[in-house]
Amino acid sequence: MVGGGPAGLMASHLLHRAGIDTVVLDRRSVHEIETTHRAGILERDSVRLLTETGVYSGEGTERVLTEGDRHGGIFLRFGGRSHHVDFERLVGASVWLYPQTEVFSDLHRARTRDGGDLRYEVSDVQVHDVEGSPRVTYTGADGGAHEVSAEIVVGADGSRSACRNLVADHRRFTREYPFAWFGILCEAPKSAPELIYARSERGFALISQRTESVQRMYFQCDPTEDPGSWSEDRIWDELQTRLAGEDGFSLQEGPVIDRSVLPFRSFVQTPMRHGRLVLAGDAAHTVPPTGAKGLNLALADVRVLAEVVERALEKKDLDVLDEYTDRALARVWKAQHFSYWMTTMLHRAPGASDFDELRQLGELNSLVSSEAGSTYLAEGYTGWPTR
Ligand code: PHB
């Protein structure tokens with residue numbers, strides 16, 4: 001596995017369970033990965049993948065269930081009011097608020113417990129001969145030169161993947177958006193029982209959570225925004241204005257303990273396999289964060305990947321890997337559409353006309369007043385079945 005984030009570690013975990021030896025390489029330190037804030041929502045099947053494949057075996061507790069928070073829906077807020085979309089009632093499913101950093105820690109603990117070969121803080125990772133007998137060379141944390149030969153290389157090296165460049169004759173599809181997200185972590189109590197996705201005349205805002213006393217919030221901003229130039233008062237003014245409404249709602253405020261501007265784009269590369277190299281997660285695709293699909297897609301990739309790799313090695317037939325791209329990309333494109341749709345429905349495009357604004361409100365109103373519309377949102381948000 002080139003990449004020891006959640007995708008690489010989950011691939012290593014599932015393959016280990018199938019009796020296949022793996023080596024995980026990552027240039028980052030465990031601490032760096034554990035402290036990089038990422039998204040926080042797990043689909044129903046992502047939770048199942050953690051609880052049903054022995055990640056917590058022997059621990060006596062399934063941390064995602066005991067430490068995570070089950071959310072039976074979300075609030076869509078527009079026109080000065082909140083509208084609850086009740087996933088439980090609509091599709092009988094819920095999602096879990098459980099930060100990606102926790103998923104990483106759980107998988108890292110599971111692989112360590114099971115004797116996994118994890119090599120962090122390596123450098124100069126290079127993958128050779130994926131069309132023949134793959135080798136991966138790198139400089140170890142000790143400064144020495146190392147080489148690993150492998151039957152299959154999994155490129156799980158994230159949104160700035162080097163592995164994806166090794167896929168011959170690839171096609172790439174990209175969409176840029178004229179905005180980004182300003183994200184903060186703050187010390188404050190929760191402002192609502194579930195997440196609030198808000199559309200306002202000043203643009204989008206998302207009120208998410210981390211713990212009882214730490215909250216995660218975002219608001220749409222210009223991609224060139226400098227987070228350091230905002231005072232805390234200005235951040236709270238902006239968030240409060242975007243959430244304000246006739247119902248008198250207001251956010252619980254507190255000290256801002258982290259802030260950053262998040263990139264925002266849609267990207268897909270196809271195929272996701274070349275020779276003995278397979279790509280997983282952000283290495284092959286990026287979605288805007290508006291539907292919280294990034295980590296969920298990576299885990300869904302890996303579930304399919306582990307199954308086809310296991311079969312290919314068992315049958316000694318690489319052609320089995322052929323089905324991976326189509327099976328993974330079917331879900332990726334659904335998620336691309338879902339994230340794009342949630343984004344365009346809730347964000348303010350620079351230069352939007354009055355027509356655009358009123359059409360957007362029309363769309364949101366038809367969504368929350370229609371059982372079919374709300375069910376469509378609930379299905380996408382809680383996640384489609386994996387094929
Ligand atoms: C988060 O909690 O970081 C989060 C939640 C939902 C999203 C995006 C990010 O759609």
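Just so you know, these numbers use all the heavy atoms, side chains as well, and skip hydrogens, waters and symmetry mates. Heads up: numbering here begins at 1 and tracks the sequence. Numbering of ligands and ligand atoms starts at 1, following listing order.
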With respect to [X], determine whether any N or O atom, backbone or side chain, lies less than 3.5 Å from an N or O atom of ligand 1.
{"X": "Tyr218", "value": "yes"}
{"X": "Pro289", "value": "yes"}
{"X": "Ser208", "value": "yes"}

Ligand-residue contact atoms, ligand 1 with [X], heavy atoms, under 4.0 Å:
{"X": "Tyr197", "value": "6 (C), 7 (C), 10 (O)"}
{"X": "Leu195", "value": "5 (C), 6 (C)"}
{"X": "Ala292", "value": "6 (C), 7 (C), 10 (O)"}
{"X": "Arg210", "value": "1 (C), 2 (O), 3 (O)"}
{"X": "Thr290", "value": "10 (O)"}

- Check whether any heavy atom of Met342 sits under 4.0 Å from an atom of ligand 1.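 Distance cut 4.0 Å: Met342 fails for ligand 1.
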Less than 3.5 Å apart, which donor and acceptor atoms pair up between the side chains of residues 297-305 and the rest of the protein, not counting sequence neighbours?
| residue | atom | partner | partner atom | Å |
| --- | --- | --- | --- | --- |
| Asp301 | OD2 | Gly281 | N | 2.8 |
| Asp301 | OD2 | His285 | NE2 | 2.7 |
| Arg303 | NH2 | Thr386 | OG1 | 2.9 |

- Polar side chain donor-acceptor pair, Thr224 to Asp222, under 3.5 angstrom: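 The criterion, which ignores hydrogens and geometry beyond distance, is satisfied for Asp222 and Thr224.
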- Query: Is the closest side-chain donor-acceptor distance between Glu147 and His128 under 3.5 Å?
  - Reply: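 Glu147 vs His128: no donor-acceptor pair found between side chains.
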- Query: In terms of side-chain geometry, is the basic nitrogen of Glu357 or Arg199 positioned less than 4.0 Å from the acidic oxygen of its partner?
  - Reply: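 Result for this pair is yes, salt bridge flagged.
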- Task: Look at Arg38 together with Asp282 and state whether they make a salt bridge at an N to O cut-off of under 4.0 Å.
- Result: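 Yes, Arg38 and Asp282 are salt-bridged.
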- Message: Looking at Gly40, is its backbone amide N or carbonyl O close enough to the side chain of Glu102 to form a donor-acceptor pair, meaning the two atoms are under 3.5 Å apart?
- Response: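 Not a single qualifying donor-acceptor pair exists.
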- Task: Could you tell me the separation between the OG atom of Ser161 and the CZ atom of Phe267, rounded to the nearest 0.5 Å?
- Result: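 It is 8.0 Å, given to the nearest 0.5 Å.
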